[in-house]
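FYI, side chains are in, hydrogens and waters are out, and symmetry mates aren't considered; it's all heavy atoms of this structure.
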Number of protein chains: 2
Amino acid sequence: MQEHYPHPEMAEVQLPEVLHALSDPLRLRIVAALAAGEERGWGDFEAPVAPSTLSHHMKVLRQAGLVTHRREGTRCIVALRPEMEARFPGLLAAVLRLAPGQSAA
Amino acid sequence: MQEHYPHPEMAEVQLPEVLHALSDPLRLRIVAALAAGEERGWGDFEAPVAPSTLSHHMKVLRQAGLVTHRREGTRCIVALRPEMEARFPGLLAAVLRLAPGQSAA
DNA sequence: GGCGTTGTTCGACGACTATCGAATGACCAT
DNA sequence: ATGGTCATTCGATAGTCGTCGAACAACGCC
């Protein structure tokens with residue numbers, strides 16, 4: 001499996017799952033950074049954790065329907081899933097407006 | 001102490017903590033019910049859990065700054081904390097609009 | 001082809017969480 | 001005072017979560 005990862009159907013994503021995914025400070029920071037800039041590679045998040053841990057968090061975000069992964073050569077590009085807005089209108093906007101650290105809009 | 005419980009200062013409540021409190025289906029249901037009606041007693045939530053478990057969840061919600069407890073005779077009255085709106089504007093509204101089960105507004 | 005870079009998976013471990021039952025405490029009514 | 005009702009606390013338990021290091025796989029480059 002090199003080109004796309006198991007992304008869940010939006011319809012199957014439940015609200016508590018999304019909230020749980022956002023309830024970790026690191027994951028919240030990642031999503032905030034993603035919303036601020038465009039899509040980004042792995043190391044762009046200055047995550048103070050081991051690569052394996054970061055990978056784990058990405059998986060959680062992916063399974064919660066928040067982000068997509070795409071491979072670009074050796075590196076992974078992550079981006080927010082636009083369908084999130086259709087599934088849970090206003091949610092992400094409301095959370096991110098309150099999340100610290102998306103200084104550069 | 002019998003009449004008021006340890007409620008945290010709103011300024012000390014962090015966003016991930018609130019999201020985590022809301023990320024449990026039962027707690028989300030409780031908050032939704034609370035937002036729909038006014039304040040309510042314990043048994044009004046048809047919680048399919050033991051009283052001790054319910055009490056635990058209430059504590060989590062209280063510590064996240066989401067609800068207040070008040071004793072009214074032998075029973076406990078719970079209500080949403082209005083200051084939540086000031087601390088995290090729009091958050092609760094956004095989440096509750098999406099939460100299942102606040103049918104009767 | 002071989003090597004370094006980059007992300008993933010696996011196994012492990014400690015911390016936290018949700019759940020319960022039983023015991024305790026507060027209050028009201030009798 | 002006695003008993004009943006309601007919530008809290010305690011101790012226990014099973015499950016999940018975040019974290020790590022090590023091993024692995026994919027890709028581009030030399």
Side-chain angles (χ1 to χ4, degrees), chain A residues 1-8 13-31 33-34 39-79, chain B residues 1-8 13-31 33-34 39-79:
Chain A
M1 283 297 85
Q2 301 75 245
E3 57 179 40
H4 62 82
Y5 296 74
H7 297 304
V13 176
Q14 299 304 311
L15 182 56
E17 193 178 354
V18 176
L19 294 175
H20 173 245
L22 293 173
S23 74
D24 181 275
L26 179 54
R27 287 194 294 257
L28 188 54
R29 248 189 44 184
I30 292 177
V31 173
L34 236 36
E39 39 186 34
R40 327 205 24 183
W42 248 212
D44 295 352
F45 316 104
E46 293 197 0
V49 292
S52 52
T53 303
L54 187 56
S55 187
H56 160 67
H57 284 304
M58 290 300 183
K59 187 154 118 188
V60 174
L61 289 174
R62 203 176 56 225
Q63 289 175 339
L66 281 161
V67 304
T68 25
H69 282 198
R70 180 172 39 113
R71 270 206 112 109
E72 188 112 340
T74 59
R75 75 185 49 197
C76 256
I77 309 293
V78 207
Chain B
M1 5 73 117
Q2 304 70 245
E3 58 178 39
H4 62 82
Y5 295 75
H7 298 303
V13 176
Q14 298 303 313
L15 182 56
E17 192 179 354
V18 176
L19 294 175
H20 172 246
L22 293 173
S23 73
D24 181 276
L26 179 53
R27 286 194 294 256
L28 188 55
R29 248 189 42 185
I30 292 176
V31 172
L34 236 36
E39 40 186 33
R40 329 210 17 188
W42 248 212
D44 294 352
F45 316 104
E46 292 196 1
V49 292
S52 52
T53 303
L54 186 56
S55 187
H56 160 68
H57 284 302
M58 290 299 183
K59 188 154 115 187
V60 174
L61 289 174
R62 202 176 56 225
Q63 289 175 341
L66 281 162
V67 304
T68 27
H69 281 197
R70 182 172 39 112
R71 268 203 112 107
E72 187 112 341
T74 60
R75 76 183 50 197
C76 256
I77 309 294
V78 207

Candidates C/dT8, C/dT17, C/dT5 - which lies nearest the side chain of B/His20: C/dT17
Rounded distance (Å) that lies between atom P of D/dA26 and atom CD of A/Glu72: 19 Å
Side chains of residues 58-65 of chain B: which donor-acceptor pairs under 3.5 Å do they make with residues two or more places apart or in other chains?
residue	atom	partner	partner atom	Å
B/Arg62	NH1	B/His69	ND1	3.2

Inter-axis angle, terminal five-pair segments of the helix from C/dG1-D/dC30 to C/dT30-D/dA1 [nearest 10°]: 20°
Residues in contact with DNA chain C, drawn from residues 54-61 of chain A - heavy-atom cutoff 4.0 Å: A/Ser55
B/Thr74 side-chain N/O to C/dA26 phosphate OP1/OP2 under 4.0 Å: no
Whole-Å gap separating P (D/dA7) and CD1 (B/Ile30): 12 Å
Under 3.5 Å, sequence neighbours excluded: what are the donor-acceptor pairs made by side chains of residues 21-31 of chain B?
residue	atom	partner	partner atom	Å
B/Ser23	OG	B/His20	O	2.7
B/Asp24	OD1	B/Leu26	N	2.9
B/Asp24	OD1	B/Arg27	N	3.2
B/Arg27	NE	B/Ala21	O	2.7
B/Arg27	NH1	B/His57	ND1	3.1
B/Arg27	NH2	B/His20	O	3.4
B/Arg29	NH2	B/Glu46	O	3.0

Among D/dT9, D/dT8, C/dT19, the nucleotide that comes nearest once only the side chain of B/Pro51 is considered: D/dT8
D/dT8 OP1/OP2 closer than 4.0 Å to side-chain N/O of B/His69: yes
Contacts of type side-chain contact (heavy atoms from CB on, under 4.5 Å), residue B/Pro8, not counting sequence neighbours: B/Val13, B/Arg81
Interatomic distance where CG belongs to B/Asp24 and C1' belongs to C/dC16 [whole Å]: 14 Å
Atom pair distance, as rounded to whole Å: CZ in B/Arg70 and P in C/dC27: 15 Å
Phosphate OP1/OP2 of D/dT8: any B/Arg71 side-chain N/O under 4.0 Å: no
Listed nucleotide nearest any side-chain atom of A/Arg75, set C/dT6, D/dA7, D/dT8: C/dT6
